[in-house]
Amino acid sequence: MDAILKTENLGVGYGRRTILHNINLEVAPGSLTALIGANGSGKSTLLRTLSGAQAPTAGTVSIGGTALCGLGKQKLARRLAMVFTDRTGAGALTVRETVEIGRHPYTGPFGRLGPKDKEAVAEALASVGMETYADRLLGTLSDGERQKVMLARALAQDTPLIILDEPTAFLDVAGRLEINRLLRQLADKGRSIILSTHDIASSVDAADTLWIVDCENRHVHSAAKHAAIQSGLLDRAFPTLRFDASTLSFKQ
């Protein structure tokens, strides 16, 4: 099965400064990939590059077999949804209005939602368990509830690939587990998901594949989760920690 996303000799950074280089990665359909690395290692820079938010310093990114640079904004928005780590603003939008923003790649120049768009919004809200919150103002929700709304907006965008930058950053333990469980369920239903995370235990448990930032070599390694621990890749990403497969819960 063809990869949803693929990088070839990718370099990421700013201007002429490359933070990570020679990155060759693939994302399979219906898979959950966890990007793991120390603070400041370049995780967010890599995700912004993969999403087209910033240009690579070298190499290429392709989505669905098409180079990212060859996709216009609308076509890209139909293939990729991005959920950023920032706290979502309160504003005056309701939950439903926020999720409706995800339908903009399909609504034309006037932004009018048709029956199909409204159905997609309703399904997205139901998928994250937020349908009863549809008329609530975003500013009245907890951090965990807002994060679910942002995920629903990405689902309403109806893309095969969703990229999330630290989706559990502001959540408590229960909220992190719930979001990771939800992402696992979405991957099992066919979505391809990439998320960066500091929540190693629960994210590793949910993931199919780990992308591990090797700060020493300024590279990103891809490995199945068991292999990542057994090979010492996690130790290289976090030199002050030591990982043992027996301390983490893995799905069989």
Item to complete: Show your working on salt bridge (Lys or Arg N to Asp or Glu O under 4.0 Å) between Asp143 and Lys148 and close with a plain yes or no.
Response: CA-CA 9 Å; Asp143 285 336; Lys148 289 182 183 179; over 6 Å; no

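When side chains are defined from C-beta on, Val83 counts as touching Gln147, because their heavy atoms get closer than 4.5 Å. Lys6 is not listed as a side-chain neighbour of Leu25, based on a closest heavy-atom distance of 4.5 Å or more. Looking at Ile212 and Val220, their side chains never come closer than 4.5 Å, going by heavy atoms from C-beta outward. A 4.5 Å side-chain heavy-atom check between Leu164 and Ile194 finds every atom pair outside the cut-off. Between Leu195 and Leu32 the shortest side-chain heavy-atom distance falls below 4.5 Å. In this structure, the side chains of Leu186 and Leu155 come closer than 4.5 Å at one or more pairs of heavy atoms. In this structure the side chain of Thr94 never reaches within 4.5 angstrom of the side chain of Thr98, judged on heavy atoms. Arg191 places none of its side-chain heavy atoms less than 4.5 Å from the side chain of Pro160.
Here the shortest heavy-atom pairing between Pro105 and Gly102 reads CD-O, 3.3 Å. Ile179 approaches Pro167 most closely through the heavy-atom pair CG2-CB, 4.5 Å. For the pair Ala152 and Val128, the tightest heavy-atom approach, listed with the atom from each and the gap, is CB-CG2, 3.8 Å.
Between the side chains of Ser31 and Asp208, not a single donor N or O lies within less than 3.5 Å of an accepting N or O. With 3.5 Å as the limit, one finds no donor-acceptor pair spanning the side chains of His219 and Asp214.
Cation-pi geometry between Arg136 and Tyr133 is not satisfied (NZ or CZ under 6.0 Å from the ring centre, within 45° of the ring normal).
Connection of Val149 to Leu182 is established within a shared hydrophobic cluster, with ILVMFWY side chains joined at heavy-atom distances below 4.5 Å, either directly or through further cluster members. Under the 4.5 Å side-chain heavy-atom criterion for Ile, Leu, Val, Met, Phe, Trp and Tyr, Leu71 and Met82 are members of the same hydrophobic cluster. Residues Leu113 and Met130 share a single hydrophobic cluster, defined by chaining ILVMFWY side chains whose heavy atoms lie under 4.5 Å apart. Clustering ILVMFWY residues whenever any of their side-chain heavy atoms sit less than 4.5 angstrom apart, transitively, puts Leu20 in the very cluster that holds Tyr14.
Asp172 is linked by a salt bridge (charged side-chain N to carboxylate O under 4.0 Å, His left out) to nothing, counting only residues two or more places apart in sequence or in another chain.
For the atom pair CG of Leu171 and CG of Leu177, the computed distance is 10.0 Å after rounding to the nearest 0.5 Å. Atoms NZ and CD1, from Lys43 and Ile19 in turn, are 11.5 Å apart once rounded to the nearest 0.5 Å. With rounding to the nearest 0.5 Å, the separation of CG in Leu80 from OG in Ser192 is 11.0 Å. Atom CZ in Arg146 sits 8.0 Å away from atom OG1 in Thr140 (nearest 0.5 Å). Atom CZ of Arg103 and atom CZ of Arg153 lie 14.0 Å apart (nearest 0.5 Å). Atom CG of Leu125 is separated from atom CG of Leu151 by 10.5 Å, given to the nearest 0.5 angstrom.
Thr209 contributes no side-chain N or O that, together with a main-chain N or O of Ala223, makes up a donor-acceptor pair within less than 3.5 Å. Side chain of Asn22 to main chain of Asn9: no donor-acceptor pair is present (N/O by atom type, distance under 3.5 Å, no hydrogens or angles). Side-chain atoms of Arg184 come within 3.5 Å of backbone N or O of Ala206 as a donor-acceptor pair. Between the side chain of Glu145 and the backbone N or O of Ser142 there is at least one donor-acceptor pair closer than 3.5 Å.
Evaluation of the side chain to side chain donor-acceptor pair (under 3.5 Å) test over residues 49-64, restricted to residues two or more places apart or in two chains, returns Thr18-Thr57, Arg48-Gln54. Within the structure, the side chain to side chain donor-acceptor pair (under 3.5 Å) test picks out the following pairs touching residues 68-80 (sequence neighbours left out): Thr66-Arg79.
Here the options are Thr33, Leu68, Leu50, the test is side-chain contact (heavy atoms from CB on, under 4.5 Å), and the partner is Leu5; only Leu50 passes.
Remark: Lys116 does not engage Asp158 in a salt bridge, criterion side-chain N to carboxylate O under 4.0 Å.
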